[in-house]
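Notes for the one structure printed next.
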Number of protein chains: 2
Amino acid sequence: MTYQQTFEALADPTRRAIFEKLRSGPCAVAEIAQHQPVSRPAVSQHLKVLHSAGLVDAKQVGTRRYYSVRREGLSELRKWVDSFWTDILENYASHIRKQMEKYNG
Amino acid sequence: MTYQQTFEALADPTRRAIFEKLRSGPCAVAEIAQHQPVSRPAVSQHLKVLHSAGLVDAKQVGTRRYYSVRREGLSELRKWVDSFWTDILENYASHIRKQMEKYNG
DNA sequence: TTTGTTGGTAAGTCATTACTTACCGTAAGT
DNA sequence: ACTTACGGTAAGTAATGACTTACCAACAAA
């Protein structure tokens, strides 16, 4: 459940499509696979990757497994991007400041 | 400059390390390479990927090329994560609502 | 003009990975 | 008990990609 796993998980187009599908709510494997151009086992493998990255959770109901987005996983990614964003704004500001000093004394 | 390219770019650990290095400000290629366990050409290749993903910009000064984080690129990623996050919270809220209705009438 | 520094590109190699089919376990319906 | 639906795992393959060394172009200093 590191940033590494998060980005690797979301880097694959099929996997991100699956993740996007779960955006609208929990879904069983067979139904997810219906909307994808790959076989069901491939979808299972992708879900495994998403799961070990902490991005999805599964709930067994009968023979079905309902996968859903795991909020904590998404939150981690959000934190990384936000802290990066803050840093960049900060550094950009200080860069401008230096430029100003250069010309104003 | 699609989400695809963004995630692919950030999925590689070396490439993300380079990107993180640029978090603190612009930097020339040779200096970036010094802090990485790979060769300078490898760093060049990574920078090319980051650039075509719209995540970094370059500014030539003499023989040196100073790379820096491109705010718009980061902003795009931030938008994606935020919209996803909003959707998930929304879905979670409506799920709770349904649970309530189930028990309260 | 030559020499050194910086950095992008080319070509080749090795490892990773996304996919397939085949298979098996488990739960539900008849 | 038998059959059908669901879904995870195994094994093999083909493609992608991250790395290396060798090379070349551009600018700077001597």
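All values below were derived from every heavy atom in this structure, side-chain atoms included, with hydrogens, water molecules and symmetry-related copies excluded. Just so we're on the same page: letters track the sequence lines, and every chain starts at 1. This is a predicted model, so every value here is computed, not measured.
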Checking dT6(C), dG8(C), dG8(D) against the side chain of Val29(B) (C-beta onward), the nearest is dG8(C)
Between Arg16(A) and Gln4(B), is there a side-chain donor-acceptor contact under 3.5 Å, judged purely by atom types and distance?
yes
Could you list all N or O pairs between the protein and nucleotides 25-30 of chain D that sit under 3.5 Å apart?
none

Any side-chain N or O of Tyr67(A) less than 4.0 Å from the OP1 or OP2 oxygen of dG8(D)?
yes
Between His46(B) and Arg15(B), is there a donor-acceptor pair closer than 3.5 Å when you use the side chain of the first and the backbone of the second?
no
Would you indicate what Tyr66(A) reaches in the nucleic acid, counting non-hydrogen atoms under 4.0 angstrom: base, sugar-phosphate, or nothing?
nothing
Could you check how far CD1 of Ile18(B) sits from P of dA18(D), rounded to whole Å?
11 Å
Protein-nucleotides 18-20 of chain C N/O pairs closer than 3.5 Å?
| residue | atom | partner | partner atom | Å |
| --- | --- | --- | --- | --- |
| dA18(C) | OP2 | Arg15(A) | NH1 | 2.8 |
| dA18(C) | O5' | Asp12(A) | OD1 | 3.3 |
| dC19(C) | OP1 | Thr14(A) | OG1 | 3.0 |
| dC19(C) | OP2 | His46(A) | NE2 | 2.1 |
| dT20(C) | OP2 | Ser39(A) | N | 2.8 |
| dT20(C) | OP2 | Ser39(A) | OG | 2.7 |
| dT20(C) | O4 | Gln45(A) | NE2 | 3.1 |

Atom-to-atom span, CD of Gln36(B) to C1' of dC19(D) - whole angstrom
14 Å
Only distances under 3.5 Å count here; give the side-chain donor-acceptor pairs of residues 64-76 of chain A to other protein atoms, sequence neighbours excluded, each with its distance to 0.1 Å.
| residue | atom | partner | partner atom | Å |
| --- | --- | --- | --- | --- |
| Arg65(A) | NE | Gln60(A) | OE1 | 2.9 |
| Arg65(A) | NH1 | Tyr67(A) | OH | 3.1 |
| Arg70(A) | NH1 | Gly54(A) | O | 2.9 |

In this structure, how many angstroms lie between the C1' atom of dG8(C) and the CZ atom of Arg65(B), rounded?
8 Å
Mind calculating the distance between CD1 (Ile32(A)) and P (dG8(D)) to the nearest angstrom?
9 Å
Between Asn91(A) (side chain only) and Arg23(B) (backbone N and O only), is there a donor and an acceptor less than 3.5 Å apart?
yes
May I have the distance from Leu47(B) (atom CG) to dC19(D) (atom C1'), rounded to whole angstrom?
15 Å
Looking at every non-hydrogen atom in both residues, tell me the closest pair between Val43(B) and Ile18(B) and how far apart they are.
CG1-CD1, 4.0 Å
Quick one: closest heavy-atom pair of Cys27(B) and Glu31(B), and the distance?
SG-OE1, 3.5 Å
Under 4.0 angstrom, heavy atoms only, what part of the nucleic acid is Ala33(A) near: base, sugar-phosphate, or nothing?
nothing
Quickly work out the Lys48(B) NZ to dA18(D) C1' distance and round it to whole Å.
14 Å
Should Leu55(B) and Leu77(B) count as side-chain neighbours, where that means a heavy-atom distance under 4.5 Å?
no
How many whole angstroms separate atom CD of Glu31(A) from atom C1' of dG7(D)?
15 Å
Any donor-acceptor pair under 3.5 Å linking the side-chain atoms of Glu90(A) with those of Trp85(A)?
no
Hey, does the side chain of Gln5(B) reach the backbone of Thr2(B) with a donor-acceptor pair shorter than 3.5 angstrom?
yes
